[in-house]
Undergrad: 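My structure is below; once you've seen it, I'll send some questions.
Computed from heavy atoms alone, side chains included, the values below leave out hydrogens, waters and symmetry copies.
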Amino acid sequence: MAPGLVDPAVSADTTRSLSSVTEQYNDTLRFFLNGTKVTLDDADPEVTLLEYLRGIGLTGTKLGCAEGGCGACTVVVSQYNPTTKQIYHASVNACLAPLVSVDGKHVITVEGIGNVSRPHPAQERIALSNGSQCGFCTPGIVMSLYALLRNKPDPSEHEVEEAFDGNLCRCTGYRPILDAAQSFSREKSCGKASANGGSGCCMEKADGEKNGGCCKNGIKEDDQPIKRFTPPGFIEYKPDTELIFPSALRRHEFKPLAFGNKRKKWFRPVTLEQLLEIKSVYPSAKIIGGSTETQIEVKFKNMQYTASVFVGDIPELRQYDFKDDHLEIGGNVILTDLENIAAEAVKHYGPAKGQPFAAILKQIRYFAGRQIRNVGTPAGNLATASPISDLNPVFVASNATLVAKSLDKTTEIPMSEFFKGYRVTALPPDAIIAGLRIPVTKEKGEYMRAFKQAKRKDDDIAIVNAALRVTLSDAYTVDSVDLVYGGMAPTTIAAKKAVEYLQGKKWTDPQTVEGAMNALEQDFDLRFGVPGGMATYRKSLALGFFYKFYHEVLSELAAEEAEIDKEAIGEIDRMISHGKKDHDSAVAYEKKILGKERPHVAAMKQCTGEAQYTDDIPVQKNELYGCMVLSSKAHAKLLKVDPSPALELPGVVEWVDHRDLPSPEANWWGAPICDETFFAVDEVFTAGQPIGIILASSAKQAEAASKAVKIEYEELPAIFTIEEAIQKESYFDHYRYIIKGDSEKAFKEADHVFEGIARMGGQEHFYLETNACVVVPKPEDGEIEVFSSTQNPSETQTYVAQVCGVDANKVVSRVKRMGGGFGGKETRSIQLAGICAAAAKKTKRPVRCMLNRDEDITTSGQRHPFLARWKVAVNKDYKIQALDADVFNNGGWTQDLSGAVVDRALSHSDGVYLIPNVHVRGRIAKTNTVSNTAFRGFGGPQGMFIAETYMEEVADHLGIAVEEFRRINMYKPGEQTHFNQELKDFYVPLMYKQVQEESEYARRRQEITEFNKTHKWNKRGLALIPTKFGISFTALFLNQAGALVHIYHDGSVLLAHGGTEMGQGLHTKMTMIAAEALKIPQSNVFISETATNTVANTSSTAASASSDLNGYAIFNACEQLNQRLQPYREKLGPDATMKQLAHAAYFDRVNLSANGFYRTPDIGYVWGPNTGQMFYYFTQGVAAAEVEIDTLTGDWTCRRADIKMDVGRSINPAIDYGQIEGAFVQGQGLFTTEEMLWHRASGQIFTKGPGNYKIPGFRDIPQEFNVSLLKDVEWENLRTIQRSRGVGEPPLFMGSAVFFAIRDALKAARKQWGEESVLALQSPATVERIRVSCADPIVTRARVQAREGEKSFFVSI
């Protein structure tokens, strides 16, 4: 049907200009904030809700990514919903929400619902359940839970599990957050539930529904209401005590708004007519629904819209109506409402006629996160015309009609004719999308399904999606068909050749599917270098989705002759995740304080938004904001840098570059080799290298000005990958090796020799708080105070002194806490601190800078990608005789810590296996990429990955079960490593046995073998991975720590030590050690911050050694104090309080301050001769993981993980469990979903935000997640504080159990199709790698080969 003309929507008098149309509009914003009325007459049109909130001092709401992908900025906006006619409490991303969008609504932030003395139950339960570590993401998570509870006071377990799909956390591994949140769920909060000591909730009993239904659905008259169960020690949740929706807002009259300045104007019409008037006189005005796309265009693509029209408050566009043969929805119905409408429509029309709505429901379920669905709209989705939109294919395939309205006419456009090209549509310039009519399917003979595959299940953009529909006659011939795909072309596109082929074909004929597949191959003949990459994978998904659809339709036909592939139907399901921990693991050695489970000391402050991070420090007088100007080329000469256009912009104060430093030498920094510059001089060596910094009166002005600096380049050849560096012999001059025995002789004499390549990608730290810094110059003696989010205050002090030309004693470097670090703030934070310090020195004014997520990823480095060429000799008794390996890491453009990282990889390349003859060599590739740096594990995981790769592949070559092969070759206690260190207190063999027994490994292995025989497309895999991780800095001089302990008159104790708090619970453990040593309550000990003027010459907080080093230094200081207090304890008796003791000692003029110190004994390895002890001890563990993969799509889930760690005598098991769970999930991300990609043409990182880089989310963690600590053993040789072991890094490698379980499942998948060759699987095992590693006929026909000279779109370095 051609676009038809219908009666004009409004009268023809439309010639007036925009100003005359809107002259009657109001210019005052009115809303409520945490229960208080706010009236703004002079709102800045360019600020987001987040910038407004932080600007007025509500800093609990955090900035994590500025693209709505992490949820750190989540607030709740309570409003009257015109669609449902009810009050709705919407969790929204404040970083995207324009201020205009909250007029007439109630904004609730984390500060508004509770504080430390009176927390909201959601805040309290997350804090006490150890659901907050670094705490930066916590306020957003609290607000997502709060929104859920406000809308559903007794949510189901499923609703709780899905409530956080728009939130990310990098520290906790999510398990404790979900456990805290589930305490509010219907199932867990029912007083009758057996879990809560009751007789059994009706939900648990099979006959619950028969006997009067759910006890919550109306209480019988003579019954008492069922009491909500509150877990012991928690505040009871009472929904009736929440902040009410202000009565003034119930009466609020929505007036049309117009406000702004010369640069930008906002309009907020409240009727459709007002909107159409604006559109008729100003067709180019930007229509804003949820601002989820526009804010990203403004922030990251430098788009500028002078006039924006917010349409979220027009009730006419938010209605829906069930007609006889179609559903009509307003263009601006929010996606959350569309989700509910679609569910209602399926009930209303029945399952057969409601198929299009079931398809919509399925796609919305994984469409972004809840915060985006609460503001995003179908009209926004359509107008944006994204080629990978999840909903647009459904609208096209269901033959929906789009209703476009302009002032003088209404146009109906069939969805099949709407998309014209890349982000180009058939919408007339003066029209808006008023609504959609979605027809129902036929009662009989019509079938419709939707599909989507992304890198991660929740909150992720599709790689490929599809909506497929077919109508069949009674004889099963095809009457009509629509095969609509996203992600296969620049627009949402129909597979024309396949549609043409299918017309009139008999659906039940086996030839039909074959012919359709051939036609699809022609429809989507992607070339190897296709934009977006993944040619083979995308093609295989297009074919795989059709294959699934074909068999789903067949299964619904009652046809005898059809051969149905039942295994292809359906998707992997996830159950509600759960897990258990052994809370009695430390009982045997518990003391008064040490060994007990206690929450993180700052958890409650973090949950209420009161915890202060660097950028939360109040604005200083005369403060300037900095924005770095970064190189956009990977390698180039700088021909010209002209900041003058930037300096002319309003608010811009100064430009700072290398010429402003005291000397050319002051520009050089780096540890341990000074080979990096703060500012580029004549040449840039990587995209993202700082050239200078712009200073302005506001962050927005600085950002705008940084883009105005003119830079001319002359491009030079660049190297990206390790392979390219090896080919061009581009290395740093660091070369280390470990030689033990005679490997050449062993290779000659061995029964078998196998070789292979282990390759793994890097990993972005993705701490939720990006690098931030505030530098305050003092008026005297060149003094400078630096507040930096750093793991390394002392090195910060050193380099700030250097760039300012003063001695270190004039610089105080302070850090209260970080929102995560993981090694990324060990050296890389110094770049920003040095640059800000140089700027502060030049202007003599305070300078602040917090990097945007994309700037942070571009400048801060990541985990090193590794490549190893290994050769292993093994005898017939399955014992390994020799290992030879060349190990390379990608250092990037400067050396940073790459040398120490490759050294640690060499020392961990034995895994946990005794190899008598070893020769391993390590080199650092020098490339034009970001300078790679420390990251939790520091080369250890890469070394152990090499070890487990050769163990897996050699076992496959020999035809032996890899679990048995590992057992045969495992070290025994007392044996020596390849660097000649004896293994004392070595419990890996014991834990290897225990984990197999406790996880019923043998039984599950049997079940999985059976499952894989009977399932053609879904395969399961199992893996058991041991680990040993050496604890100590490999640089000997770093193994030292200091502490300062003050006892005050009132008996309170102030503690300072050299370690920094980044969420790992270091301060919690240190206060426990001091409290135990001084025999006082933990609450009497306080740590204010880490600063260089209290404890000098500190080592960076890293290497999992901070508790060992600082703990002993504190213990040493407390011992001195105890000696001084001993006479008073004897005199005043055992019950004397510290207040009495301190008082008496003070009056006797006894020193109540002590300086403690500790250095690790016995260590001092010498490279080359292979002598001396490298590590103080090893932290050990074993993990088992089970996965299921869908080989048609590459989709997978981790069904179960069991972890056992030997952490010695734990100081605080709750903190240690948090570290283990968090590290495991971070490791799982490293080996599966987290793939760093570079854009080949520009040489820039592509994956620089949550939109493209996928850390695990709440629904990616193992469905069953069990963790325990080793107990009932003696640690005779462990001489650490409390005999505890470092726990930060060691568990990370155990996340590889998921990777090796995927490899195990892939072996079964390949074997089924006759592919018996040994699988060399690269890490990470992304959905793409999983799919293309299969050997089925579909992926075989989808393979795309590179033509001569053709290169891939993306580069993996």
Side-chain angles (χ1 to χ4, degrees), residues 734-758 760 866-875 877-889 899-924 938-955 957-958 962 965-984 986 988-989 1026-1030 1032 1034 1165-1175 1178 1180 1293:
H734 176 99
Y735 176 70
R736 287 272 168 86
Y737 57 86
I738 299 174
I739 297 177
K740 181 172 184 174
D742 185 347
S743 53
E744 279 187 31
K745 180 167 175 273
F747 279 113
K748 281 184 190 136
E749 295 172 1
D751 296 331
H752 306 281
V753 174
F754 302 107
E755 49 190 62
I757 289 178
M760 68 180 283
F866 264 70
L867 170 73
R869 296 174 178 153
W870 55 264
K871 189 164 75 166
V872 169
V874 58
N875 278 349
D877 60 0
Y878 300 124
K879 287 204 167 164
I880 296 176
Q881 298 304 306
L883 165 68
D884 181 274
D886 278 300
V887 178
F888 305 88
N889 73 10
V901 169
V902 80
D903 294 352
R904 188 172 273 267
L906 295 180
S907 67
H908 285 68
S909 59
D910 60 334
V912 295
Y913 310 109
L914 177 67
I915 307 174
N917 305 289
V918 175
H919 186 188
V920 287
R921 304 161 292 281
R923 299 295 304 264
I924 310 166
F938 202 78
Q942 292 99 317
M944 290 186 278
F945 176 76
I946 294 165
E948 295 304 341
T949 298
Y950 63 67
M951 292 302 287
E952 291 260 337
E953 293 188 21
V954 171
H957 281 297
L958 295 169
V962 68
F965 188 52
R966 287 190 174 106
R967 188 193 63 74
I968 290 168
N969 287 287
M970 199 172 278
Y971 285 118
K972 294 178 185 67
E975 290 183 333
Q976 286 200 342
T977 65
H978 61 308
F979 46 89
N980 296 321
Q981 180 164 342
E982 187 190 334
L983 292 169
K984 300 171 180 173
F986 187 68
V988 171
T1027 184
K1028 70 165 178 43
F1029 188 93
S1032 289
T1034 38
Y1165 178 77
V1166 186
W1167 287 91
N1170 203 11
T1171 58
Q1173 185 172 322
M1174 193 181 293
F1175 301 114
F1178 296 93
Q1180 307 143 44
F1293 178 67

Undergrad: How far apart are the closest heavy atoms of Val902 and Gly922, and which atoms are they?
TA: CG2-CA, 4.0 Å

Undergrad: Roughly how far apart are Phe1029 CZ and Thr1027 OG1, rounded to 0.5 Å?
TA: 8.0 Å

Undergrad: Could you tell me whether a side-chain N or O of Glu975 sits under 3.5 Å from a main-chain N or O of Leu914, the two making a donor and an acceptor?
TA: no

Undergrad: Evaluate the criterion ring-ring contact (aromatic ring centres under 6.0 Å, His included) for residue pair His908 and Phe938; output intermediate values, then yes/no.
TA: CA-CA 11 Å; His908 285 68; Phe938 202 78; over 10 Å; no

Undergrad: Nearest 0.5 Å, what's the CD-OG1 distance between Gln1173 and Thr977?
TA: 9.5 Å

Undergrad: Considering only heavy atoms from C-beta outward, does the side chain of Arg967 approach that of Pro989 to under 4.5 Å?
TA: no

Undergrad: Is the backbone N or O of Asp877 less than 3.5 Å from a side-chain atom of Asn875, with the two atoms forming a donor-acceptor pair by type?
TA: no

Undergrad: Mind checking the OG1-CH2 spacing from Thr1034 to Trp1167? Nearest 0.5 Å is all I need.
TA: 7.5 Å

Undergrad: Is the shortest heavy-atom distance from the side chain of Trp870 to the side chain of Thr949 under 4.5 Å?
TA: yes

Undergrad: Any ion pair linking Asp884 and Arg869 (charged N to carboxylate O, less than 4.0 Å)?
TA: no

Undergrad: Does Asn889 reach the main-chain N or O of Phe866 with its side chain, forming a donor-acceptor pair under 3.5 Å?
TA: no

Undergrad: Does Asn969 use its side chain to pair, donor to acceptor, with the backbone of Ile880 at less than 3.5 Å?
TA: yes

Undergrad: Mark yes when over 12 heavy atoms from residues, nucleotides or ligands other than Gln976 sit less than 6.0 Å from its CD; otherwise mark no.
TA: yes

Undergrad: What's the shortest heavy-atom distance between Ala746 and Ala873, and which atoms?
TA: O-CB, 4.2 Å

Undergrad: If we only count heavy atoms from C-beta on, is the Arg966 to Glu948 side-chain gap below 4.5 Å?
TA: yes

Undergrad: Please report the interatomic distance CG(Asn1170) to CD1(Ile739), rounded to the nearest 0.5 Å.
TA: 8.5 Å

Undergrad: Between Asp903 and His734, does a side-chain contact (heavy atoms from CB on, under 4.5 Å) hold up when you go through it step by step?
TA: CA-CA 10 Å; Asp903 294 352; His734 176 99; 2.9 Å; yes

Undergrad: How many angstroms lie between CG in Leu883 and NZ in Lys740, if you round to the nearest 0.5 Å?
TA: 12.5 Å

Undergrad: Between Asn917 and Gln881, is there a donor-acceptor pair closer than 3.5 Å when you use the side chain of the first and the backbone of the second?
TA: yes

Undergrad: Step by step, would you call Val918 with Asp910 a side-chain contact (heavy atoms from CB on, under 4.5 Å)?
TA: CA-CA 9 Å; Val918 175; Asp910 60 334; over 6 Å; no

Undergrad: Just wondering, are more than 12 heavy atoms of other shown residues or ligands nearer than 6.0 Å to CZ in Phe754?
TA: yes

Undergrad: Using only atom types and a distance under 3.5 Å, with no angle test, would you say the side chain of His978 pairs donor to acceptor with the backbone of Leu906?
TA: yes

Undergrad: Might you work through the side chain to side chain donor-acceptor pair (under 3.5 Å) test for Tyr735 and Arg923, ending with a clear yes or no?
TA: CA-CA 5 Å; Tyr735 176 70; Arg923 299 295 304 264; over 6 Å; no

Undergrad: Determine the minimum heavy-atom distance between Gly1168 and Tyr737, stating which atoms define it.
TA: CA-OH, 3.8 Å

Undergrad: Nearest 0.5 Å please: distance from the CZ atom of Phe1175 over to the OG atom of Ser907.
TA: 3.5 Å

Undergrad: Donor-acceptor pair, distance only, cut-off 3.5 Å: does the side chain of Lys1028 make one with the backbone of Gly911?
TA: yes

Undergrad: Is it true that a side-chain atom of Arg904 and a backbone atom of Gly1030 form a donor plus acceptor pair closer than 3.5 Å?
TA: yes

Undergrad: I'd like to know whether Val988 forms a side-chain contact (heavy atoms from CB on, under 4.5 Å) with Phe1178, so could you lay out the CA-CA distance, the side-chain angles of the two residues, the decisive distance to 0.1 Å, and finally the verdict.
TA: CA-CA 10 Å; Val988 171; Phe1178 296 93; over 6 Å; no

Undergrad: Ignoring hydrogens and angles, tell me if any N or O in the side chain of Tyr971 forms a donor-acceptor pair with the backbone of Tyr913 under 3.5 Å.
TA: yes

Undergrad: Are Lys871 and Phe747 in a cation-pi contact, defined as NZ or CZ under 6.0 Å from the six-membered ring centre and within 45° of the axis?
TA: yes

Undergrad: Nearest heavy-atom pair of Val920 and Ser909: which atoms, and what distance?
TA: CG1-OG, 3.7 Å

